Amino acid sequence: MTLFLFDLDGTLTPPRLKMTKEFEDFFVSWAKNKKSFIVTGSDFKKVTEQLSLEVMNVFEGIYCSMGNVLWQKGRFVYKNEFKADEKLLKMLENYRASTSYPYQLFDNYIEKRDGMINFSVLGRDCPYEERIKYFEFDKEHCEREKIKNELSETFKEYDISIGGMISMDITPKGYGKEQVAEKLRAKFPAEKIIFFGDKTFEGGNDYTLAQAVLKSGNSSVVQVSGPDVTKEFLLTNGD
Ligand code: M1P
């Protein structure tokens, strides 16, 4: 049986928004008798904001916080601990203080999650319109890319990847989404694996998982640009 792995934001739902009713109806019916998993950078609370109980229950496992937390059918299974370096936190504070972003900033800009940190210069407690405003600014000025590159140079012991619209995910090396491929391969040595993500390219937060899945053999990766493309693929090739 094929294992289907899905990123969440930008793959099954629009970034940080609820799954649409239309997609939900399609997906719940498609997922019957299939083995599906979510692998997201978000924490479990955000997943519960975006997915109904019915949808969450069709998954064999929901790997959150870049694979550092696992929930199965409403049951907490494990989490990895992580305490960030003071020097890293200080540098994040400096990026926030010195940004050239000309509009309002919001709270919760360093979000400590189990096993990782999510950093957003804008601040996670922003309204949706502000996140779009920052996203447009970032497309033009590549602020996240610059910060990511500088941090990666300074902190070789961390992996930094850009997911979503306003933030970046920071994990200890080897504790990004790629850890999920290893765990699933150990449990399902021969099954075909297909991974769907919207950021499977280098630097994106699906990249390391995409690479690990491909390396594990009998697998493929599908780069999507949103839930519609995911749906189209599942309708035409989804076994
Ligand atoms: O799942 C993708 C990303 O979704 C959110 O990103 P943003 O708020 O920047 O749109 C975050 O939860 C992030 O951790 C996650 O990787």
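These values consider heavy atoms only, across backbone and side chains, with no hydrogens, waters or symmetry-generated copies. Ligands are counted one by one from 1 in listed order, and the atoms in each one are counted from 1 as well. Not measured: the values here are computed from a predicted model.
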query: Can a salt bridge be assigned to the pair E49 and K45 using a cut-off of 4.0 Å between side-chain N and carboxylate O?
result: yes
Heavy atoms of other groups near N33 CG, more than 12 under 6.0 Å: no
Counting heavy atoms under 4.0 Å, the part of K177 that contacts ligand 1 is neither
Q | Heteroatom proximity flag, M165 to ligand 1, N/O under 3.5 Å | A | yes
Nearest non-hydrogen protein atom to atom 5 (C) of ligand 1, with distance, is R124 NH2, 4.0 Å
In this structure, CG of D159 is separated from OH of Y175 (nearest 0.5 Å) by 12.0 Å
A student checking ligand 1 against R113 at a 4.0 Å heavy-atom cut-off should list atoms 11 (C), 12 (O), 13 (C), 14 (O)
Under 3.5 Å side-chain donor-acceptor pair for Q223 and D206:
no
heavy-atom search around atom 9 (O) of ligand 1 in the protein gives S167 OG, 2.6 Å
of all protein heavy atoms, closest to atom 3 (C) of ligand 1 is G164 N, 3.7 Å
for atom 16 (O) of ligand 1, nearest protein heavy atom and its distance come out as D169 OD2, 2.5 Å
Ranked by distance from atom 12 (O) of ligand 1, the top protein heavy atom is S42 OG, 2.8 Å
Margin query: Considering both backbone and side-chain atoms of M66, is one of its nitrogen or oxygen atoms within less than 3.5 Å of a nitrogen or oxygen in ligand 1?
Written below: no
Note: ligand 1 atoms sitting under 4.0 Å from heavy atoms of D9 are 1 (O), 2 (C), 4 (O)
Tell me if the centroids of the rings in F201 and Y207 come within less than 6.0 Å of each other. no
